[in-house]
Amino acid sequence: KLRRGVDSVHVAYGKTTAVLAGDLLFAKSFEICDEMAAKIMAHAASEICEGQELDMSYEKRNFVSGEEYMKMIQKKTASLIEASTMSGAVLGNASGDEVEKMAKYGRSIGLAFQIHDDLLDLTGDEEKIGKPVVSDIVEGKKTLIVVKALEFLDENKKEDLLEILNKKNNSDSDIKKALKLINSCGAIDYCKTIEKELIEDSRHALAQFPDSGAKQDLLDIAGFIIRRDL
């Protein structure tokens with residue numbers, strides 16, 4: 001219901017207007033793209049839909065692998081950022097190798113962005129991030145944190161966490177218990193390590209480009225991805 005501290009479009013203006021606004025934004029994006037960039041964006045739009053469907057389907061499953069999670073966020077989140085950095089390279093007449101390097105940069109920071117977003121859902125300040133925290137637990141989402149917690153916890157604690165994730169309505173005590181279980185097993189530290197590795201991958205992708213203000217901006221964005229608190 002909240003995004004960046006204000007009512008989501010569907011809350012402020014209704015679901016129908018929200019859907020139409022989304023369709024309009026898609027149309028406008030293709031209107032201003034050249035042919036190659038439009039193809040990149042069309043592919044990203046398809047990937048996002050597939051990723052969102054995977055995300056929702058995982059809520060109905062008790063167990064999801066780390067590989068499945070990474071595939072889902074590659075489609076749901078990273079594909080759009082990858083398309084953005086690729087499009088910039090294409091519009092700038094970059095070589096094929098340079099386009100691929102920019103795609104890798106966008107893909108890596110996109111994956112790190114989503115993992116960090118999942119971490120903020122459990123550890124962030126609701127006033128700063130502008131949306132309800134612990135919503136992933138309430139909705140039973142299989143984030144990488146949850147995937148790894150279910151892998152690291154012993155059988156009894158694993159069943160306790162699954163029971164909370166599968167509940168329709170969780171009490172405050174349920175949420176606190178779930179957070180305690182997740183914090184006890186090293187899942188959060190694991191995810192922080194993975195996001196740092198992804199940021200390093202993004203920086204390596206930029207290594208071949210000459211130093212410039214633009215390159216430094218991209219490096220700064222990569223660092224900001226996992227330092228942000230909103």
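Every heavy atom of this structure was used, including side-chain atoms; hydrogens, water molecules and symmetry mates were not. Remember, predicted model here, so these are calculated numbers, not experimental data.
- Between Lys141 and Asp55 a salt bridge is recorded (basic side-chain N to carboxylate O distance below 4.0 Å).
- Partner Glu50 forms a salt bridge (charged side-chain N to carboxylate O under 4.0 Å, His left out) with one of Lys76, Lys71, Lys75 and no other, that one being Lys75.
- Here Glu98 does not pair with Lys101 in a salt bridge; the nearest charged N to carboxylate O distance is not below 4.0 Å.
- Closest of all the heavy-atom pairs between Ala149 and Ala187 is N-CB, 3.7 Å.
- A donor atom on one side chain and an acceptor atom on the other are found under 3.5 Å apart for Tyr69 and Asp118.
- Under the 4.5 Å side-chain heavy-atom criterion for Ile, Leu, Val, Met, Phe, Trp and Tyr, Val99 and Leu218 are members of distinct hydrophobic clusters.
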Hey, mind stepping through Glu151 and Lys148 against side-chain contact (heavy atoms from CB on, under 4.5 Å) and telling me if it holds?
CA-CA 5 Å; Glu151 182 181 322; Lys148 289 300 170 180; 3.0 Å; yes
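- Looking at Asn62 and Asn166, their side chains do bring a donor and an acceptor atom within 3.5 Å of each other.
- Summarising the geometry of His116 relative to Ile226, their closest heavy-atom pair is CE1-O, 3.1 Å, with the distance given to 0.1 Å.
- Between Arg61 and Glu68, at least one side-chain N (NZ, or NE/NH1/NH2) sits under 4.0 Å from a carboxylate O, which counts as a salt bridge.
- Judged by distance alone, the side chains of Gln114 and Thr77 do bring a donor and an acceptor atom under 3.5 Å apart.
- Cluster membership check: Met70 shares its hydrophobic cluster with Tyr190, using side-chain heavy-atom separations under 4.5 Å among Ile, Leu, Val, Met, Phe, Trp and Tyr.
- Residues Phe113 and Ile48 do not share a hydrophobic cluster, defined by chaining ILVMFWY side chains whose heavy atoms lie under 4.5 Å apart.
- Scanning both residues, Leu198 and Ser108, for their nearest heavy atoms gives O-CB, 3.4 Å.
- Panel note: side chain Ser46, backbone Ala42; no donor-acceptor pair is recorded below 3.5 Å.
- Glu47 and Gln74 are not linked by any side-chain donor-acceptor pair at a separation below 3.5 angstrom, with hydrogens and angles left out of the test.
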side-chain contact (heavy atoms from CB on, under 4.5 Å) between Ile81 and Arg107: does it pass, once the steps are laid out?
CA-CA 7 Å; Ile81 299 178; Arg107 186 162 58 247; over 6 Å; no
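- Taking all atoms of both residues into account, the shortest heavy-atom contact from Asn170 to Val138 is ND2-CA, 4.0 Å.
- One distance of note links CG of Leu122 with OG1 of Thr143; it measures 6.5 Å at 0.5 Å rounding.
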Report the C-alpha separation of Asp117 and Arg228 in whole Å, then their side-chain angles, then the decisive distance to 0.1 Å, and conclude whether the salt bridge (charged side-chain N to carboxylate O under 4.0 Å, His left out) test is met.
CA-CA 9 Å; Asp117 214 47; Arg228 65 192 174 91; 3.6 Å; yes
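- Cluster annotation: Met86 and Phe209 are assigned to distinct hydrophobic clusters (Ile/Leu/Val/Met/Phe/Trp/Tyr, side-chain heavy-atom contacts under 4.5 Å, transitive).
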Report the C-alpha distance between Asp201 and Lys104 in whole Å, list the side-chain angles of each, state the deciding distance to 0.1 Å, and finish with yes or no for salt bridge (charged side-chain N to carboxylate O under 4.0 Å, His left out).
CA-CA 8 Å; Asp201 288 343; Lys104 182 178 180 182; 5.5 Å; no
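- No salt bridge links Lys1 with Asp7; every basic N to acidic carboxylate O contact stays at or beyond 4.0 Å.
- The two residues Ala222 and Ile199 come nearest to each other via the heavy atoms O-CD1, 3.2 Å.
- Residues Ile40 and Ile109 fall into different hydrophobic clusters, defined by Ile, Leu, Val, Met, Phe, Trp and Tyr side chains chained together at heavy-atom separations under 4.5 Å.
- With respect to Lys28 and Glu31, a salt bridge is recorded, a charged nitrogen being found less than 4.0 Å from a carboxylate O.
- Residues Leu119 and Lys192 come closest through the heavy atom pair CD1-CG, 3.9 Å.
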